[in-house]
Amino acid sequence: MDYMDSGLRYTPKSDKDWDTSVQFLPASDNKKLEKKKGPGKVGAVIGVIIFALVVALMTGLLVWHFHFRKDVRLKRMYSGSMKITNQVFEDAYENSNSSEFKTLAKQVTSQLKSIYSKSPQLAKYYVGSTVQAFSEGSVIAYYLSEFSVPNGQEASVDHAVSTMQTLVEKEQRTLFRPGNSLLVQDVVAAVLDYRLTSNTFNRFFSFSEHTRSNHLGQIQSPGFPDRPYSPNTFLQWRLRADPNHVIKLNFDTMNLEENCKNDFVKIYDSLVAIESHVMEEMCGYYSPSEPLTFLSSGNVMLVTMASNGDKNYPGFRAQVSQIPRGSKGTTCGGQLTGEKGTFSSPNYPDYYPPRTSCQWSIQVPVGKAVKVTFKKFLMTEPGQGNSKDCRKDYVEVNGKKLCGDKPDGTVTETSNTNTMIVVFNSDASYVDRGFNATYEAIDVLDPCPKMFQCRNQQCITTDLRCDGWNDCGDMSDELNCKCNAKDITCKNGLCKPMFWRCDGVDDCGDRTDELNCGGCKSGQIACKNNKCVSEKNRCDGRDDCGDGSDELDCARNTGISCTDLTYRCKNNKCISKVNPECDGTEDCEDGSDEENCDCGRSMFKTSRIVGGQDAEPGEWPWQVSLHVKGHGHVCGASLINERWLVTAAHCVQDDGKTRFNEARTWVANLGMHSQQQTGSPVVKRNLKRIIPHPNYNDFTFDNDIALMELDSPVTYSDYIRPICLPSPQHNFPVGQSVWITGWGAKREGGFAANVLQKAQVRIINSTVCNNLMGGQITSRMTCAGVLIGGVDACQGDSGGPLSSPSGSHMFLAGVVSWGDGCARRNKPGIYTTVTKFRGWIKEKTGV
């Protein structure tokens, strides 16, 4: 039986099995129905024929409805495992062709049939079972069972299979069981992932690997790395380790299609694809710096891979080894003593193993209390999110369960005595990175000396209290505040920075900061030129605003008049859609809105960094570090094609000592993550020429933009790619979240960062910003402020990018220009607005 077959299963009954409840109506007395004068014999014959046809049609419909329609069957596969306690594992059980394997497999399938017979719901649909493998412990059997399930009954059969353990207990209590019957327990069963039974597969491969001590094995997708994996293919690798060992699986390459519905790799803590034992599902392209190391709970593991017919990629490669149970990474817990220390989940920072439980007992000196701070906390399962009841994996402290993803350092727990118990627990399905924590002894009466204690026990400096930023992570530092005159006093008691007033975003949570902003009345819409018009005028084909903004993003997309706000296609026709570039839909008749879209994307799967500000290698591949030869990093820049960079004009102004305006002064470092990097993937290029904007004003920083041409084109890689340039009409709305990146100082007056930093900021209303910055903002400047509170965000380097997400691409919204200090609170950064210079950039570079 090939469990990879799928599709509808039709088993219509024979004629003798037709539903006997469907009967013809008895004939009526036709004499009573006769008319005095009829249409004659011809009319009577026609009437009889018509009546017979109607009866035949109704009969056919009834037979189809009550017989064939209800008997549409679906082939439904279930995978499972059971522990056989009255058998001892033999090496021959590893070989499915051995007589020992076949004998025990026959017993298992016979017993499965007996177990299913205890459920009327399962017995009538059961087709058969096959044993896939055996492993130690005493003997664990892994099987697949096939059922032919009527359409619409799938859920009830799924539920019946989920109660297999109860059925087993019922079967084991049967009085007249054969003497050689298997004694089974720990039965697990679930419906097989439908993607593993796709009827599009035309290739099936199965491999086995039994690793040994001091041996490093390898598995990889067929053809890797010379050619992409094959389409419409299913593969599986059954991995085994020696008894009392666990399997260590380490991926050094994972490069699949982005959509897991198409191509994916799934890892199971089992030898068959049991969904309740799946450890992880992966697709997309992972950075080599991303740790992808897994440990099994026992001595077996299954790796599966499936592909569809489109977009095949290089695939994967992984090393397989075994480590003794009880070695580092497989254990956790114990006694922790002293004033302070650290501890972490097993195998951290790699994935912790499933079915693991451990306990730490922390003891500090008498008279002190224990404070635990989780520096990293990543314990999320698909579908669980930040579930408060923590029904899956969790850490328990002081009787409180913690799970989900938490911002770095924001989860703290404090004891009332000098002892604390911390428990870690992972269930059988899905694993994560886990946690890294510190503990310290604190004064019970003064846990935060000269600092503010948050409700979550975190300590912050007192000057962060009531400053409008969520420094604690639980908003407790912003409650019960008395706002000063420079802040917004929200009706709910919060204080918010004044530059968030009237920016179109509800920062207070009760819209206090958006009141009395001179907006339009109810029933009106605001035009881009601040004019108010009736909502009825929206998309009516007339320019009621005067700037055409009431006719943007209308269903009537083509054939409209061109304005300063409409997107102009290459054929000079305009469309009303806002920001149509590279959104995956051809809106222009000539398709020009989807041209040159190999930009603004990291090749790697987006990493999950919660609260941290270090960028991942390859996350911002258009970021460039500009070095003055012999002196190191000075400014940032953005790559816009193989030859050209965009930076700030003030970076290339002579200061009397250094000729910053000369190309020979600079070297551009592309693909850089750390300033200490020298080799691959960093590529160095000298400059051919520098073109500062001719109207740059070094006093006001107006027109602060410059272009740099590399002396030779750069080859794109995973770490070097261009950012998308916006059209002149591209809209970056107020309140939109954007990203700044650079190696600038993490704090004002501090040293430059060694590792590339990232921070999320928000575009701020230009009128508000102009008031805040003393009237220094021109129409060619964009203001953006730090959006995430409680993070030491870096405003980035001069000349670096302000990256704005749009769909799956990033667009260059601005160039870091100037600001009032670096990362100074309540002071937005000022960026050169790239859309204002789009024509100049194209004129000089052709991009």
Side-chain angles (χ1 to χ4, degrees), residues 528 564-568 578-583 593 595-597 599-601 620-624 626 635-641 643-652 690-697 700-709 721-734 736-742 761-764 766 769 777-785 795-807 809-819 828-847:
K528 296 289 184 182
D564 290 340
L565 301 176
T566 53
Y567 182 83
R568 186 183 293 271
V578 175
N579 301 345
E581 315 105 291
C582 302
D583 64 355
D593 56 308
E595 291 180 355
N596 306 315
C597 289
C599 59
R601 298 183 70 180
W620 310 95
W622 46 86
Q623 175 76 51
V624 179
L626 296 176
C635 274
S638 303
L639 182 70
I640 60 171
N641 82 343
R643 279 188 174 275
W644 288 93
L645 311 178
V646 173
T647 188
H650 77 261
C651 287
V652 294
I690 298 173
I691 309 175
H693 196 276
N695 296 328
Y696 169 67
N697 186 316
T700 64
F701 284 82
D702 200 14
N703 302 296
D704 189 12
I705 189 169
L707 299 169
M708 290 178 166
E709 185 178 7
R721 302 193 75 80
I723 190 171
C724 297
L725 283 176
S727 68
Q729 301 82 20
H730 197 103
N731 182 38
F732 298 102
V734 169
Q736 178 169 317
S737 293
V738 288
W739 289 89
I740 49 175
T741 48
V761 297
R762 190 173 66 193
I763 296 177
I764 296 169
S766 59
C769 182
I777 306 303
T778 72
S779 62
R780 291 163 292 278
M781 299 177 185
T782 295
C783 300
Q795 283 187 308
D797 264 339
S798 291
L802 181 70
S803 304
S804 175
S806 180
H809 297 263
M810 287 277 191
F811 285 82
L812 186 61
V815 176
V816 180
S817 179
W818 63 280
I830 313 302
Y831 303 82
T832 306
T833 307
V834 173
T835 54
K836 298 292 185 179
F837 301 93
R838 190 63 186 88
W840 177 73
I841 294 173
K842 186 173 183 179
E843 174 192 342
K844 298 298 181 181
T845 69
V847 182

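- Side-chain contact between Tyr696 and Phe701 is present, with heavy atoms from C-beta onward closer than 4.5 Å.
- With sequence neighbours left out, Thr835 forms a side chain to side chain donor-acceptor pair (under 3.5 Å) with no residue at all.
- For Tyr567, the ring-ring contact (aromatic ring centres under 6.0 Å, His included) test picks out no residue, with sequence neighbours left out.
- Applying the side-chain contact (heavy atoms from CB on, under 4.5 Å) rule to Arg601 yields the partners Glu258, Ser808, His809; only residues at least two apart in sequence or on another chain are considered.
- Partners of Asn596 according to the side chain to side chain donor-acceptor pair (under 3.5 Å) rule, which considers only residues two or more places apart in sequence or in another chain, do not exist here.
- Here the straight-line distance linking atom NZ of Lys842 with atom CD1 of Ile640 works out to 12.5 Å at 0.5 Å rounding.
- Between Trp620 and Trp739, the ring-plane angle classifies as tilted under the 30° and 60° cut-offs.
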For this session: Applying disulfide (SG to SG under 2.5 Å), run through Cys783 and Cys769 and close with a yes or a no.
Result: CA-CA 6 Å; Cys783 300; Cys769 182; 2.0 Å; yes
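- The minimum heavy-atom distance between Ala706 and Pro692, with the atom names listed, is CB-CA, 3.7 Å.
- Checked against side-chain contact (heavy atoms from CB on, under 4.5 Å), Ala813 has the following partners two or more places apart in sequence or in another chain: Phe732, Leu802, Ser804.
- The line from CD1 of Ile777 to OG1 of Thr700 is 10.0 Å long, rounded to the nearest 0.5 Å.
- Residues Ile841 and Leu725 form a side-chain contact, since some pair of their non-hydrogen atoms from C-beta on lies under 4.5 Å apart.
- Distance check: Thr832 OG1 to Met781 CE gives 7.0 Å after rounding to the nearest 0.5 Å.
- At least one donor-acceptor pair closer than 3.5 Å links the side chain of Thr647 to the backbone N or O of Gly636.
- For the side-chain contact (heavy atoms from CB on, under 4.5 Å) test, residues two or more places apart in sequence or in another chain that qualify with Pro733 are Asn731, Gln736.
- The side chain to side chain donor-acceptor pair (under 3.5 Å) test applied to Asp702 returns Thr778, Arg780, not counting sequence neighbours.
- Among residues two or more places apart in sequence or in another chain, the side-chain contact (heavy atoms from CB on, under 4.5 Å) test is passed with Pro621 by Ser602, Arg721.
- Nearest heavy atom pair, residue Trp840 against residue Ile691, reads CH2-O, 3.5 Å.
- Counting only heavy atoms from C-beta outward, the side chains of Met708 and Val624 never approach each other to under 4.5 Å.
- By the side chain to side chain donor-acceptor pair (under 3.5 Å) test, Trp622 pairs with Ser803, sequence neighbours left out.
- For the pair Leu565/Gln729, no side-chain contact is recorded, criterion being any heavy-atom separation below 4.5 Å from C-beta on.
- Using a 4.5 Å heavy-atom cutoff, the side chains of Phe837 and Leu707 are not in contact.
- At least one side-chain heavy atom of Pro801 sits less than 4.5 Å from a side-chain heavy atom of Thr741.
- Note that OG of Ser727 and CG of Asp593 are 10.0 Å apart. Values are rounded to the nearest 0.5 Å.
- The SG atoms of Cys597 and Cys724 lie 2.5 Å or more from each other.
- For the residue pair Tyr831 and Ile740, the shortest heavy atom distance occurs at OH-CG2, 3.2 Å.
- The shortest distance between side-chain heavy atoms of Leu626 and Leu645 falls below 4.5 Å.
- Scanning all heavy atoms of the two residues, the minimum distance from Ala648 to Val815 falls at N-CG1, 3.8 Å.
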For this session: Go through the steps to decide whether Phe811 and Asn579 satisfy the test side-chain contact (heavy atoms from CB on, under 4.5 Å), and finish with yes or no.
Result: CA-CA 11 Å; Phe811 285 82; Asn579 301 345; over 6 Å; no
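- Here the CG-OG1 distance, from Asn703 to Thr833, works out to 10.5 Å after rounding to the nearest 0.5 Å.
- Exactly one residue among Pro722, Cys599, Ser638 makes a side chain to side chain contact (heavy atoms under 4.5 Å, CB included) with Leu812. That residue is Ser638.
- Listed here is the closest heavy atom pair of Ser817 and His650: O-CE1, 2.9 Å.
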